[in-house]
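Letters go in sequence order (proteins before strands), and every chain restarts at 1. Note that this is a predicted model, so its numbers are computed, not measured.
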Amino acid sequence: MTGKIFRDAFLLVGAFIIAWLVFSYLSKPVSIPDQFIPDEQTEKLADWIDEQITRNFDRLDDHNWEEALGEIVDRFATSDLVNKVNYEIVVLDNSDVNAFATLGTRIYVFRGLLELIDQHEEIAAVIAHEIAHVELNHVEQKLITEFGIVVLLSVFTGGDLLLTGEVLRAISSGAFSRMKEREADAFALDLMYDTGIDPAYLGIVFRKLKESEPGLSGLNFQIISTHPDINSRIRNAFEFEKSGLEDIPFETPWPGKSSE
Amino acid sequence: MRNYTEYYPLPQPNEVSKRERDDAMGSYLMMFASLGAGLPLPIINLLAAVIYYFVNKHKGRFVRFHLLQSLWSQIPVTLLNGFMVIWTIRNFMTQTDFSQLFFGLLWTTVFINVLYLGFSIYAAVRANNGRFFYFLFFGKLAYHQAYKVRYDDSKNEEVNLPPM
């Protein structure tokens, strides 16, 4: 009887493997679309998010910052790597050390972060990283993963306040997966190199954020202050192959503090 | 020479009590009772089946056979379902494309679940009629475990032998 049991076990496993192979042969692979929400809808959602954010934070309207950040965005717009146009940097008047991207093309930078930065290239590195999250649709993917598209759309069309708060928290917390952070880093390094900015500045700014006081309220940089992986991310930035880099300086004066 | 069969004789339908038939049938129906609670991670089904087994395993060999057949057959199906749930979630979380192998296993899992469901219902009906139905592999395994005469079972018993 034991022999028959083993024979049946082999039969069962064999039938399973054959069925798997046959069904695999008859199936077609399916790619997860990069973008679930149509562009038009994305813009509406982005406006809704902006409305919610500016309800909680004041905008910092400073011509000098607008000019300096505008030059960085214009520089990135010249790269073929960037497909979306009209990036807008919104500076929020808050002491938190933070920056995050949302749906659409707005990137929010906190005054606290700008105060920690010494030059164009450093904030450019942060913006390049955030642009990467937008270009790679990380925000949309994260929201859909966390909430599901149906819930998400119901929130944006006037869902309850609790869910609205949760969606905003998810957006501003910026806690992307390790894989997505690495993807964003890689994209940012390429983008910086492509637009004449030394990619090592990404490492410099990461190190600065890591070494700064725990006044880092976290949000998008929580991943930096708590992630065990941060040292290798800094190393990657410094080790990026940059031979042939054409270092192009920024023309606008730096409006913040300077290390010099 | 002692001459006794390696396995205990199987009871005939008229020898199986109503209570045994009900308990044996219950082992297959547990799956449906716990199906809703088990989704999307179907491990709860398995827990329910294990508990049901330990509660009822002393109720005779007929019941034990059906308990074991149901339990053993449920384990790989549950693991397979759980694995598919995890694989699906993982792909969504990591934005990984769904490969041909994924769909192959998905359809195999669906196919196995349908077979499992059909066989379980049929086995439940047979059990309720005091009869046996042997799943491939699991049937023999359960029969072996429930009906095999073990040394421990017989060593303290006086065995009647035919005349030499």
Inset, instruction - Side chain from CB out, backbone as N, CA, C, O: work out which of these in B:I112 comes under 4.5 Å of a heavy atom of chain A, or both, or neither. - result: side chain
Legend entry - Neighbour count >12 (heavy atoms, 6.0 Å) for atom CZ, A:F6: no
Inset, instruction - Answer yes or no: does atom CH2 of B:W87 have more than 12 heavy-atom neighbours from other residues, nucleotides or ligands under 6.0 Å? - result: yes
Inset, instruction - Starting at NZ of A:K4, measure out to OH of B:Y143 and round the result to the nearest 0.5 Å. - result: 9.5 Å
Inset, instruction - Side chain from CB out, backbone as N, CA, C, O: work out which of these in B:I89 comes under 4.5 Å of a heavy atom of chain A, or both, or neither. - result: neither
Quick one: side chains of residues 11-28 of chain A, donor-acceptor pairs under 3.5 Å with protein atoms, not counting sequence neighbours, listed by atom name and distance.
residue	atom	partner	partner atom	Å
A:W20	NE1	B:L101	O	2.8
A:S24	OG	A:W20	O	2.7
A:S27	OG	A:F23	O	2.5

Inset, instruction - Measure across B:L141 and A:I5 and return the closest heavy-atom pair with its distance rounded to 0.1 Å. - result: CA-CD1, 3.9 Å
Legend entry - A:K44, NZ atom: more than 12 neighbouring heavy atoms under 6.0 Å: no
